[in-house]
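In what follows, a structure is listed as structure tokens, so that the remarks can point back to it.
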Protein chains: 2
Amino acid sequence: MKTRSTPTPDATTTDDAAKPKAAATDRTFAILELVASASGPLAVKTIGATLGLPKPTAHRLVNSLIEKGLLARDLETRDVIIGVEAARLAVGILRASLSRAPVRSVLRAVSAELGETCNVGVLDGGDVVYLDRVEVEHWPLRLQFGVGSRVPMHCTAMGKLFLATLPDAMRSRLLASGPFSAQTAHTLTDPDALAAELQRIAARGYALDDEEYVVGVFCVAVPILSSTGRTVAAIAVQAPKVRLSHDRVEQVLPVLRRGAEALSAQFG
Amino acid sequence: MKTRSTPTPDATTTDDAAKPKAAATDRTFAILELVASASGPLAVKTIGATLGLPKPTAHRLVNSLIEKGLLARDLETRDVIIGVEAARLAVGILRASLSRAPVRSVLRAVSAELGETCNVGVLDGGDVVYLDRVEVEHWPLRLQFGVGSRVPMHCTAMGKLFLATLPDAMRSRLLASGPFSAQTAHTLTDPDALAAELQRIAARGYALDDEEYVVGVFCVAVPILSSTGRTVAAIAVQAPKVRLSHDRVEQVLPVLRRGAEALSAQFG
DNA sequence: TTCAGCGTCTCATTGAGTGAGACGTGACGC
DNA sequence: GCGTCACGTCTCACTCAATGAGACGCTGAA
């Protein structure tokens, strides 16, 4: 019944499923998803061709996304890239998706088993954003690093973990954007020393922060992997060094890894 | 320009804000963002009330988002929570926005050191476009000049900087395209005065905006050079004049220049 | 100059979106 | 049991926003 009087002669291949309806919203989300999953900037022409959109329609929808800030243009090539608003939305989405009851309990369980403060974070715009956090006591750091706060990449366990698992090109670009501020006497500020540390991290699959960001605080982070094996987030435990240090790392790793595995479903 | 010839008889009271527009896509994104930024599950009623949507419309849009998997229902309460597809989309977005991260982190470092709002912009079609921005507080200007917004050339620090470094032919062409609107009492509207200012800027290598665009706002911009020495972008700091004015220029310049140098590698 | 490939603009067409109102339902309170 | 209230669902006529073919313009290559 939905068969339009479309003058498509061939009934073999494109008999239907093509035109019955065209919802602007659906196509808009399809564009956003396409740009988000693309490996680089996309030409509008490519977007239109991929999604089967007429030329003016593709431009109209892309421009409306650009107006909202969800997409942007590469000003050299006029290609389409993801926008800053999209990143903001994405952080909100991941935060909200972690606050769902079944997931919440994962972090709680990990924290309870370790007896220390744990958190989940992702990489956004060159630093680490905490998506969720479970605390075990009220220590001074509490307010500074709550959910939504941002910490640097080069001197935190999560940050170094993300750096270590990034594609080579992106890692070098980020390392080139330093200098890195010395937060404590232990902070790795030398690019070469940092690069060596990142190699160690990539090799063993977890990262440590030994008073590199806050004096007296030790931290262990392991990756949360997507179904494709990519590091999309991380889970970490942090505690005063008197209670958590190198000698306990082997002990906390399995607990963190179990939590990471349980959470990975949340991130696709 | 959006003023339709709506046959609304009374033009006095309900001149706007009533019906003129209702875009399904906009409202859909607004719902998604609302759910993503909410602290917990939301009732559809709440969503509708918050966004000012009629009851059936709110349900229709929410349900269409649920069909896409971007939202989901809390099985106990029927409330709306974020969906698994949204999380997948979010991960893709953050990954795609990684290419902005190097610029971001430089900008953040500069902004942190200066304690003021900083942004990076380029010239596009006779306007300055903000590529990225890091804010230090929430002041009224925030929404007006976000990322992607365009500001005039003749009355902003970045714009004058670009004008000053343009090839002579193009500069005269743009100057001839005046007259220039007087945004404030300080705006340079006279082409000759503007030309003189541009010469000063070219000579000393940075530009100032002393309440020329917004009353009470002072701004300093330095160029970001490509490997060939061409000005391809600019980095600027802007602040209320009570906190930033001529006496602090010499103080902020080295910080901006260091940031510009770090960024030039990213634009080269 | 010609040509080709893209982006932009116009505009008649139409169907997707809209929202007031009616109706169904389930949870209380007494 | 039976109002009452609050939400969700359904209906449907209206209409405005989205649509997309086609024409046009720009830019860069041959």
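The basis for the numbers below is simple: all heavy atoms, side chains too, and nothing from hydrogens, waters or symmetry mates. To find a chain, count down the sequence lines: A is the first, B the second, and so on, and within it residues start at 1.
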- Query: OP1, OP2 of D/dA18 versus side-chain N and O of A/R27: anything below 4.0 Å?
  - Reply: no
- Query: When you match A/T25 and A/V44 each to their closest nucleotide on DNA chain C, which lands nearer the 5' end?
  - Reply: A/V44
- Message: Nearest whole Å is fine: how far is C/dG5 C1' from A/R78 CZ?
- Response: 16 Å
- Could you please spell out the steps behind the side chain to side chain contact (heavy atoms under 4.5 Å, CB included) verdict for A/R73 and A/N63? CA-CA 10 Å; A/R73 300 205 98 109; A/N63 283 330; 3.3 Å; yes
- What closest approach, in Å, do B/K68 and B/E85 show between heavy atoms, and which atom pair accounts for it? O-CG, 3.3 Å
- Using atom CD of A/E67 as one end and atom P of D/dA18 as the other, report the distance to the nearest whole Å. 11 Å
- In whole angstroms, the gap separating C1' of C/dT8 from CZ of A/R73 amounts to 11 Å
- Whole Å only: how far is the CD1 atom of A/I66 from the C1' atom of C/dT8? 14 Å
- Message: Without decimals, in angstroms, what is the distance between B/I31 CD1 and C/dT18 P?
- Response: 9 Å
- Qualifying residue for side chain to side chain donor-acceptor pair (under 3.5 Å) with B/E212, from B/H186, B/K160, B/Q183, B/H154: B/K160
- In whole Å, what is the span from the NZ atom of A/K45 to the P atom of D/dT27? 20 Å
- Message: Evaluate B/L70 against B/T28 for side chain to side chain contact (heavy atoms under 4.5 Å, CB included), listing each step before the verdict.
- Response: CA-CA 11 Å; B/L70 291 163; B/T28 303; over 6 Å; no
- Got a sec? Which of residues 54-63 of chain B come in under 4.0 Å of DNA chain D, heavy atoms? B/K55, B/P56, B/H59
- Task: Report the distance from atom CG of B/L53 to atom C1' of C/dG17, rounded to the nearest whole Å.
- Result: 13 Å
- Item | B/L65 CG - C/dG17 P separation (whole Å) | 12 Å
- Task: Applying side chain to side chain contact (heavy atoms under 4.5 Å, CB included), run through B/V103 and B/L131 and close with a yes or a no.
- Result: CA-CA 9 Å; B/V103 175; B/L131 285 186; over 6 Å; no
- Query: Would A/F267 and A/S226 count as a side chain to side chain contact (heavy atoms under 4.5 Å, CB included) if you check the C-alpha gap in whole Å, the side-chain angles of each, and the deciding distance to 0.1 Å?
  - Reply: CA-CA 6 Å; A/F267 294 88; A/S226 73; 5.6 Å; no
